[in-house]
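Below is one structure, written out as structure tokens; comments come after it.
First the proteins, then the strands, lettered A, B, ... as listed; each starts at 1.
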Amino acid sequence: MKPFNFNRRVWAALKLIPRGRVTTYKELAKYLGKSKVARAVGNACGLNPYAPKVPCHRVVKSDGSLGGYSGGGKKKIDLLEKEGVKIDRGKIKDFRDKLYKFK
DNA sequence: ACGGTGACGCTCA
DNA sequence: TTGAGCGCCACCG
């Protein structure tokens, strides 16, 4: 195993997200210390081997769109709705209110 | 070591 | 408001 890589850090942050709440790549990047690593964050989620362990589906884009998902967008939407996050036309409803911020 | 790609973000037209 | 372009960092071949 390797030390705390950037990816590991991202996964750890995702685990901090409470149920029924979502976060954005930007906020996540900010939490890591860089507001421009949003791409790297997305990459981390894609490489995330802890798929079920890490709620990557709770991470969305800054516009409130789901962004993407490595298993099937439908599953992600259904999962989020189950958590209490309503999705409308592929965008999160009251996204701003459900947005979770670190620190 | 280098280049290309990506689950993104912001600015400009 | 929507669409297109540029820039950012990290990972993979």
Side-chain angles (χ1 to χ4, degrees):
Chain A
M1 280 347 219
K2 281 114 75 258
F4 280 88
N5 288 151
F6 189 84
N7 297 358
R8 235 352 154 42
R9 209 128 173 209
V10 175
W11 309 332
L14 294 177
K15 290 195 261 184
L16 298 174
I17 304 171
R19 179 181 167 286
R21 212 58 90 185
V22 290
T23 194
T24 68
Y25 294 101
K26 189 160 109 44
E27 289 298 315
L28 199 37
K30 235 156 156 332
Y31 173 69
L32 298 173
K34 271 92 167 48
S35 40
K36 295 175 208 173
V37 297
R39 291 183 97 138
V41 173
N43 243 352
C45 282
L47 300 173
N48 149 6
Y50 306 93
K53 288 176 177 213
V54 179
C56 355
H57 57 267
R58 285 185 189 156
V59 189
V60 296
K61 292 191 43 169
S62 21
D63 338 59
S65 56
L66 297 178
Y69 192 55
S70 302
K74 241 170 174 177
K75 224 114 182 262
K76 183 172 182 175
I77 295 171
D78 184 59
L79 204 51
L80 283 169
E81 291 233 329
K82 241 147 91 82
E83 305 249 312
V85 182
K86 305 292 199 289
I87 313 295
D88 176 56
R89 278 162 44 245
K91 314 266 169 139
I92 296 183
K93 247 182 195 300
D94 301 312
F95 155 71
R96 195 92 166 204
D97 184 55
K98 298 217 185 330
L99 177 59
Y100 173 77
K101 288 177 162 199
F102 297 94
K103 205 287 266 94

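In terms of position along DNA chain B, the nucleotide closest to A:Asn43 lies nearer the 5' end than the nucleotide closest to the other residue of the pair A:Val60 and A:Asn43.
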**Prompt:** Would A:Lys86 and A:Glu81 satisfy salt bridge (charged side-chain N to carboxylate O under 4.0 Å, His left out), going step by step from the backbone distance to the final call?
**Reply:** CA-CA 5 Å; A:Lys86 305 292 199 289; A:Glu81 291 233 329; over 6 Å; no
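Rounded to an integer number of Å, the gap from A:Lys61 NZ to B:dG6 P is 14 Å. Rounding to whole angstrom units, CG of residue A:Leu28 and P of B:dA7 are separated by 16 Å. Between the P atom of B:dC10 and the CZ atom of A:Arg39 lies a distance of 13 Å, rounded to the nearest Å. Rounded to an integer number of Å, the gap from A:Lys34 NZ to C:dG7 P is 19 Å. In this entry the distance linking CZ of A:Arg58 with P of B:dA7 reads 22 Å, nearest Å. Straight-line distance from the CZ atom of A:Arg89 to the C1' atom of C:dT2: 13 Å, rounded to whole Å. In this structure, CG of A:Asp63 is placed 9 Å from C1' of B:dC8, rounded to the nearest angstrom. One interatomic measurement links the two molecules: CG of A:Leu47 to P of B:dG6, which rounds to 12 Å at whole-angstrom precision.
Heavy-atom neighbours of A:Tyr31 OH from other residues, nucleotides or ligands within 6.0 Å: at or below the threshold of 12.
In this structure, A:Asn7 does not reach the C:dA10 phosphate: none of its side-chain N or O atoms is under 4.0 Å from OP1 or OP2. Here A:Lys26 does not reach the OP1 or OP2 of B:dG9: none of its side-chain N or O atoms lies under 4.0 Å away.
The residue A:Ala40 sits close to a base: some heavy atom pair falls under 4.0 Å.
No chain of hydrophobic side-chain contacts below 4.5 Å, direct or via other Ile, Leu, Val, Met, Phe, Trp or Tyr residues, connects A:Val59 to A:Leu79.
Here the straight-line distance linking atom NZ of A:Lys15 with atom OH of A:Tyr50 works out to 7.5 Å at 0.5 Å rounding.
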